[in-house]
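Let me begin by presenting the structure, written as structure tokens, before commenting on it.
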Amino acid sequence: MDSEDRNQPTKLCFVTVGATASFLSLLLSVLDSKFLEALSQSGYTHLLVQYGKDGQIIYENFLVKYPAGSPGRHGIEIGGFDFNQAGLGEVMRMTKENKSEGRSSGMIISHAGSGSILEALRLSVPLVVVPNPLLKDNHQAELANELQKQGYVVASHHDDISNAVEKAEALRSRMLTWPPVRGPSQRRHRTLNEVLADEMGFSD
Ligand SMILES: *[C@@H]1O[C@H](CO)[C@@H](O)[C@H](O)[C@H]1NC(C)=O
């Protein structure tokens, strides 16, 4: 990841559509000019996509149609991979701020798989959760909405992903004053463990 302007910090958006279940509509949405423009407007420099086992053709078609430097990329450097045997932890950490490495805090956009959500939440960078509408009866939308209601994530439909960029920036601002101060009169927010236990039937 080379940046031409050494003074501009890099800012990475990492997207995982999941390694196995196809979520090609999310992949198409994040390779769309409208989304890339939204990233650029919020100061992003890089987009890295885990496109999964079925996404390679879509990703490669994008690279052919919009070669590096073409206007459709809105100045964003784009990379992708199908899956990472070592897990996504290392890649996700690249979205965290590190001043000595010239990085400001980015964001993660994830399908609503519980493993990826938990991994991303640990990093305290803004997380956008996108349920896969093709997966029925697995509570993905419920989980995403509940986590959003409690203030942990932005829940988004894949069609609306370009609007989620600004919402993620707003979430970042709120996270700087994390955790919320709770007076006796304030409505108590459920903890992350309580939400996950209720929605997914597990706790630690
Ligand atoms: C930031 O990057 C430096 C240099 O690579 C590394 O030594 C340090 O551990 C990183 N800081 C954090 C908080 O990860």
Side-chain angles (χ1 to χ4, degrees), residues 1-19 26-27 30 35-36 38-52 59 68-69 73-130 143-144 147-148 150-156 161 164-182 189 191-196 203-204:
M1 294 202 181
D2 242 7
S3 183
E4 308 239 318
D5 181 358
R6 298 274 158 206
N7 295 319
Q8 188 193 12
T10 59
K11 185 172 176 180
L12 170 69
C13 173
F14 172 62
V15 179
T16 172
V17 306
L26 177 58
L27 180 59
V30 299
F35 175 72
L36 297 173
L39 281 186
S40 163
Q41 277 167 359
S42 286
Y44 284 84
T45 57
H46 290 73
L47 170 67
L48 181 61
V49 182
Q50 178 187 37
Y51 46 74
Y59 178 71
R73 291 196 183 205
H74 297 277
I76 305 288
E77 280 191 41
I78 297 168
F81 61 95
D82 54 358
F83 89 117
N84 191 338
Q85 229 146 10
L88 296 177
E90 186 113 339
V91 174
M92 285 187 179
R93 272 195 297 279
M94 297 293 291
T95 60
K96 267 186 92 77
E97 178 179 47
N98 185 323
K99 288 206 171 86
S100 63
E101 293 191 342
R103 270 201 326 269
S104 57
S105 175
M107 73 159 151
I108 295 170
I109 297 178
S110 178
H111 70 112
S114 53
S116 299
I117 291 177
L118 286 172
E119 192 142 24
L121 282 172
R122 271 191 224 114
L123 293 173
S124 22
V125 298
L127 170 64
V128 176
V129 177
V130 187
L143 173 64
L147 287 172
Q148 172 170 260
Q150 303 297 329
Y152 291 107
V153 307
V154 172
S156 175
I161 198 69
V165 177
E166 233 175 85
K167 291 179 190 164
E169 295 305 307
L171 175 59
R172 189 194 316 284
S173 313
R174 290 201 303 278
M175 286 165 78
L176 292 174
T177 55
W178 215 252
V181 182
R182 289 186 189 122
H189 284 247
T191 67
L192 184 56
N193 278 337
E194 287 169 333
V195 174
L196 293 172
S203 60
D204 64 8

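All ligand and atom numbering here is 1-based and tracks the order in the structure.
Listed by number with element, the atoms of ligand 1 under 4.0 Å from a non-hydrogen atom of S100 are 1 (C), 2 (O), 3 (C), 4 (C).
Checked for salt-bridge contact, E169 and K11 meet the test: a charged N lies under 4.0 Å from a carboxylate O.
In this structure, L39 CG and H74 NE2 are separated by 10.0 Å, a value rounded to the nearest 0.5 Å.
Checking Q50 against T16 by side-chain atom types alone, a donor-acceptor pair falls below 3.5 Å.
Nearest protein neighbour of atom 12 (C) of ligand 1, counting heavy atoms only, is N98 ND2, 3.5 Å. Protein heavy atom in closest approach to atom 5 (O) of ligand 1: E101 OE2, 2.4 Å.
L123 places a side-chain heavy atom less than 4.5 Å from the side chain of R93.
By the definition of a contact as any protein heavy atom under 4.0 Å away, atom 7 (O) of ligand 1 is not in contact.
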